[in-house]
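Written out below as structure tokens is the structure these notes cover.
Naming: A, B, ... by sequence-line order, numbering from 1 per chain. Bear in mind that the values here come from a model prediction, so they are computed numbers and not experimental data.
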2 protein chains.
Amino acid sequence: MVALDGIPVRDCTYCCGRTKSICNAIEEKDLPRLLAASSRLHLPSGRIFIEEGESAQAFYVIAEGRAKLFNLFSDGRRQISGFVATGDFLGLAASERYAFSAEALGDIKLCRFAYETMDHLTEQFPHLQKRLRAEASRELVKMQARLVLLGRKSARERLASFFIEQACCSEDGLEEALNQRKNLSIPPVISLFLPMSRSDIADYLGLTIETVSRTLKIFKAEGLIKIQDVKTVTLLNTVRLKFISEGNN
Amino acid sequence: MVALDGIPVRDCTYCCGRTKSICNAIEEKDLPRLLAASSRLHLPSGRIFIEEGESAQAFYVIAEGRAKLFNLFSDGRRQISGFVATGDFLGLAASERYAFSAEALGDIKLCRFAYETMDHLTEQFPHLQKRLRAEASRELVKMQARLVLLGRKSARERLASFFIEQACCSEDGLEEALNQRKNLSIPPVISLFLPMSRSDIADYLGLTIETVSRTLKIFKAEGLIKIQDVKTVTLLNTVRLKFISEGNN
DNA sequence: CGTAGGCTTGAGTTCCCTCAACCGGAGTGG
DNA sequence: CCACTCCGGTTGAGGGAACTCAAGCCTACG
């Protein structure tokens, strides 16, 4: 696919961008063995590194950067099933074949674990298997929320949900604060960098680019957001957006 | 929740309705130990046995019968995230709390595994942990398809997808046959028993009952299905339905 | 300065939703 | 045994949210 790029194997950040990644499932002293079992990739923006239907051979951890996961129809319709960022795990949604395609959003660094070497590792480190299961469960919980969004939410609610989701990804603790209505601890405004295009957002939310554009305009007019530039949005009223996202408009 | 109903522990069918269930992850001789760690429930139709947001304490295996999984909005909107049948696994989509509610569709029998006893079991039977992960992966693949359905398919395509999905559940090998276009091996007509109401189908597909009803009428007029009675539908042209479900129409 | 690509805006359309009436089988009670 | 009600499902009329198509705008880039 792509040659290794020679990053030293000891560099843990290469598969452990965050706590949610898998390295915390094993002891510090065993890390080198885990890393030795993986290969590191450096991909340019736009590169498709997993193709739907392709025989599934490996997991990936995003070491740095972002990617989008999607499914394509023969007539061009597209559904983006998720955006992933540093530390996220990829390739659990596969039995024989990958259930989605994945494309780099900007340059990214990946850590690749072939299934078979992973199988050896999970035998040596039982915690790892458990960790993978936990990761899959997390993923399933997120999917559940996405079903509700696509099946039952209006365009307005979808966009609000999207902003809240993105904000929660970039601000640790925000999700909890919003859920508990502890408004005091919520930063009044949150600035988001959105590397994806309008078309990506639309395909993620099951809408068209025009509807996304128009809804953003409305949010702007209502003072809910400020559009710094086309890829940078500032949320001016997170609590209200959260409220809208839940259908309480 | 409900008293055990005294079924002998040796009765494997109680947690192993099918190959996809978890018993095949351990040796025959160890089964009694697995079963001893579980409790058996017998619930009446309509009983809600998992509630969204409730602290997650256990897995369930459907030993017999069917159930629906769903999420509720405060304003009454509902999204059904899945129907499960004998042998299916429940409760993986949970981190701290369940991400969905579950309700019996007709009388059902359940096998309940508390997380903590399950943790002991997975230590004794490493295969079990792997099996759980595989189950979660299967689930994720299905979810992926549901995202596409809810995000990008028309009402017509959704109903066709629904029929194909239900047919594949009740006819072993059908899915493969349809994917490979080996039409010879596909039974010409398939009769389906659908225990769920129109309202359930609508909430599963992100539609309204009226749209479901109207679309069925159209399918009938086109000779694609025959409606035996309100809960029994015969698919008259599975290949065509599969075609429609994929957007080629 | 010109072009291309992504984004926005406008006008018109459509698919599905909403609301309302109707239908028919199951259960109840006189 | 029939009348009544209830409830899930069907059918029809009308409306609206989001889509489609088309034009215009802005920024990036050669």
Contact under 4.0 Å: B:Lys217 side-chain N or O vs D:dG12 OP1/OP2: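 True: B:Lys217 side-chain N/O within range (under 4.0 Å) of D:dG12 OP1/OP2.
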Length of the [atom1]-[atom2] vector between [X] and [N], whole Å:
X	N	atom1	atom2	result
A:Asp229	C:dG6	CG	C1'	13 Å
A:Gln228	C:dC7	CD	P	17 Å
B:Ile218	D:dT11	CD1	C1'	12 Å
A:Ile227	C:dT8	CD1	C1'	10 Å
A:Leu207	C:dT8	CG	P	14 Å
A:Leu205	D:dC19	CG	P	11 Å
B:Glu157	C:dC15	CD	C1'	12 Å
A:Leu216	D:dA18	CG	P	14 Å

Specify the residue among B:Ser213 and A:Gly206 whose closest nucleotide of DNA chain D lies further upstream toward the 5′ end.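 So the residue in question is B:Ser213.
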Keeping [X] on the side-chain end and [Y] on the backbone end, is there a donor-acceptor pair under 3.5 Å?
X	Y	value
A:Gln79	A:Asp203	yes
A:Lys231	A:Pro195	yes
A:Arg78	A:Leu72	no
A:Thr215	A:Thr211	yes

Could you go through the side-chain hydrogen bond (donor to acceptor under 3.5 Å, both in side chains) check for B:Ser55 and B:Gln57 one step at a time? CA-CA 6 Å; B:Ser55 161; B:Gln57 303 290 349; 2.8 Å; yes
Mark up nucleotides 20-30 of chain D, 5' to 3', with B wherever a protein heavy atom is under 4.0 angstrom from a base atom, S wherever such an atom reaches only the sugar-phosphate, and - elsewhere. BB---------
From the set D:dA18, C:dC16, D:dG9, return the single nucleotide nearest to any side-chain atom of A:Ala155.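 Nearest listed nucleotide: D:dA18.
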Nearest to the side chain of A:Ser154, heavy atoms from C-beta on, is which of C:dG10, D:dT10, D:dA18? D:dA18
When the ring planes of A:Phe49 and A:Tyr60 are compared, do they come out parallel, tilted or perpendicular, using 30° and 60° as the limits?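 A:Phe49 vs A:Tyr60 ring planes: perpendicular.
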What is the ring orientation for B:Tyr204 with B:Phe162, classed by angle as parallel under 30°, tilted 30 to 60°, or perpendicular over 60°? perpendicular
